Amino acid sequence: MSFAFELLKTDSTTSARLGRISTLHGIVNTPVFMPVGTQGTVKALRPEDLRHCGAQMILGNTYHLYLRPGHELIRTLGGLHTFMNWPGPVLTDSGGFQVYSLGALRKIMPDGVMFQSHIDGSRHFLTPQKAVGIQEALGSDIMMCLDECTPYPATEKQTADSLALTVKWARSCREAKTNPDQALFGIVQGGTYMDLRRQAVEQIVPIGFDGYALGGVSVGEPKKIMYAITEEISPLLPREKPRYLMGVGTPEDIIYAVSRGVDMFDCVIPTRSARHGLLFTNTQKIVIKNARWREDSNPIDETCDCYTCRNYSRAYLRHLYVAGEILAMILNTIHNIRHYMRLMENIRASIQENRFEEFAKGVLDSKANENNF
RNA sequence: GGAGGGGUUCCCGAGCGGCCAAAGGGAGCAGACUGUAAAUCUGCCGGCGGAGCCUACGGAGGUUCGAAUCCUCCCCCCUCCA
């Protein structure tokens, strides 16, 4: 068993935790933010860009890689790490999010999900067993259970039924797992119903996973609810296992969740926003296409050490974006990912130095000033 | 000199008596994006605080209850023939 989690430190005033995940492909310091690389690539970035930005672990996606190019092909070519030339740790999502996001193209059944491919319309039946099988073929370091990411809004009955399915599938996934070198995480669902969330914990944890995820948040519910779920449920998860808040989030969301004891995050926000021209800084969000940057010779963020900020002006980045140049997406993504990685580095350092609460407050205060821009 | 075609809102371009401040693109301006069907999507885009009014379809007249649309003259542009 090459997967392990070590809890190194817990913050004295909050529930923030400092930890270390060991995998066959390397060490991951937590709290960690994992850039999303759905189709075997973090869009617009080369692996070396990711490394230079400080990325430790990235995501891949079961559903997408199964459809194209096919998990057996990837297995034949040496697994996902080799295939995509990313030697570091990889976490694969199970396709559970696609159960949600491809709502119109799938049918949920007791034993799995009937998907209609968004690529060519062909039909595919994804079961918990298959989801694990695909992820074993991909060779990811952390596999996720197939779940149903319950949509918002959903009635209590719908949510309970959905949760029952997720729990049942979690057991199937656990049983289907054969490779001891790959970790498998369980996922806590339960929508916006706290009782169901607690039940989910009670039912998922005993199955015995290497880590636990909080899923089904950031699907359109009010932020308050997401925070409440995080606050309530995170402490109920086993202390000695990594906690993963799926699909989250904004820098503010991450800081909040870290303060409640969450260790792992992933989100498309930094990468997608970058491609769409929204750039993060400590004090403001920059919509790079805005006319106000037309003649601005400053970098996106004076305090940023990324390749983009060290070499290019806002005016140039605006030009590239407006002109529709590929380089705009590359440079923007490098910046946003580096921004997120620095955020996580700062979070880890502040926990280490027992000043996380102060750090969090500082960041949130400067974020609050965004409204002034 | 002769024959034909054309000048529409920032640009291209439809409209060819009322439903036209004028289709559709583009440009411009702004917004959204949370386990990626996303280099995507949305809104605004003549002026004046709105119902409304004003200014607008090369220019000037005219016909008509009503004109970007019909008529007259003028000014430009393009193609072909001499």
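The shown structure was predicted, so the numbers you read here are calculated from the model rather than taken from an experiment.
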Could you give all pairs that pass the salt bridge (Lys or Arg N to Asp or Glu O under 4.0 Å) test and reach [range], with sequence neighbours left out?
range	answer
residues 102-119 of chain A	Asp111(A)-Lys168(A)
residues 169-192 of chain A	none
residues 258-271 of chain A	Arg17(A)-Asp263(A), Glu231(A)-Arg260(A)

[atom1] atoms of [N] and [M], separation to the nearest Å:
N	M	atom1	result
A68(B)	G6(B)	C1'	15 Å
U63(B)	C12(B)	P	34 Å
C41(B)	C48(B)	C1'	33 Å
U79(B)	A32(B)	P	50 Å
G5(B)	A51(B)	P	42 Å
C57(B)	U36(B)	C1'	46 Å
C29(B)	G47(B)	P	16 Å
G35(B)	G50(B)	P	41 Å

Please name the nucleotide paired to [N] by Watson-Crick or G-U wobble geometry with both distances under 3.5 Å, or report none.
N	answer
A3(B)	U79(B)
U72(B)	A60(B)
G43(B)	C29(B)

Tell me, please, whether Trp293(A) has Arg318(A) positioned over its six-membered ring: NZ or CZ under 6.0 Å from the ring centre and within 45 degrees of its axis?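 The answer is no, since Arg318(A) fails at least one limit relative to Trp293(A).
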So, is Arg318(A) near the phosphate of C29(B), with a side-chain N or O under 4.0 Å from OP1 or OP2?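 Indeed, a polar side-chain atom of Arg318(A) lies that close.
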Any Asn290(A) side-chain N or O less than 4.0 Å from OP1/OP2 of A30(B): yes
Applying side chain to side chain contact (heavy atoms under 4.5 Å, CB included), name anything that partners His276(A), two or more places apart in sequence or on another chain.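 So His276(A) forms a side chain to side chain contact (heavy atoms under 4.5 Å, CB included) with Arg272(A).
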Are Thr14(A) and Ser259(A) close enough that a side-chain donor and a side-chain acceptor fall under 3.5 Å?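 Not at all, the side chains of Thr14(A) and Ser259(A) share no donor-acceptor pair under 3.5 Å.
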side-chain hydrogen bond (donor to acceptor under 3.5 Å, both in side chains) involving His118(A) - partner list, sequence neighbours excluded: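 By the side-chain hydrogen bond (donor to acceptor under 3.5 Å, both in side chains) rule, His118(A) matches Tyr63(A).
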Can you name the residues that form a side-chain hydrogen bond (donor to acceptor under 3.5 Å, both in side chains) with Glu136(A), not counting sequence neighbours? Thr178(A)
State which residues pass ring pair (Phe, Tyr, Trp, His ring centres under 6.0 Å) with Tyr316(A); sequence neighbours excluded, sorted by chain then number. Tyr312(A)
From [atom1] of [X] over to [atom2] of [N], roughly how many Å is that when rounded to an integer?
X	N	atom1	atom2	answer
Ile288(A)	C33(B)	CD1	P	18 Å
Ile286(A)	A30(B)	CD1	P	13 Å
Glu221(A)	C33(B)	CD	P	13 Å
Leu278(A)	A32(B)	CG	P	8 Å
Trp293(A)	A30(B)	CH2	P	11 Å

Check: Phe185(A) ring centroid to Phe209(A) ring centroid under 6.0 Å: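 No, too far apart.
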Look at all strands and tell whether Leu91(A) reaches a base, only sugar-phosphate, or nothing, counting heavy atoms closer than 4.0 Å.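 Nothing, no heavy atom under 4.0 Å.
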What string of B, S and - do you get for nucleotides 34-40 of chain B, 5' to 3', when a contact is any protein heavy atom under 4.0 Å? BBBBBBB
Near-strand residues of residues 151-181 of chain A, defined as heavy-atom separation under 4.0 angstrom from RNA chain B: none
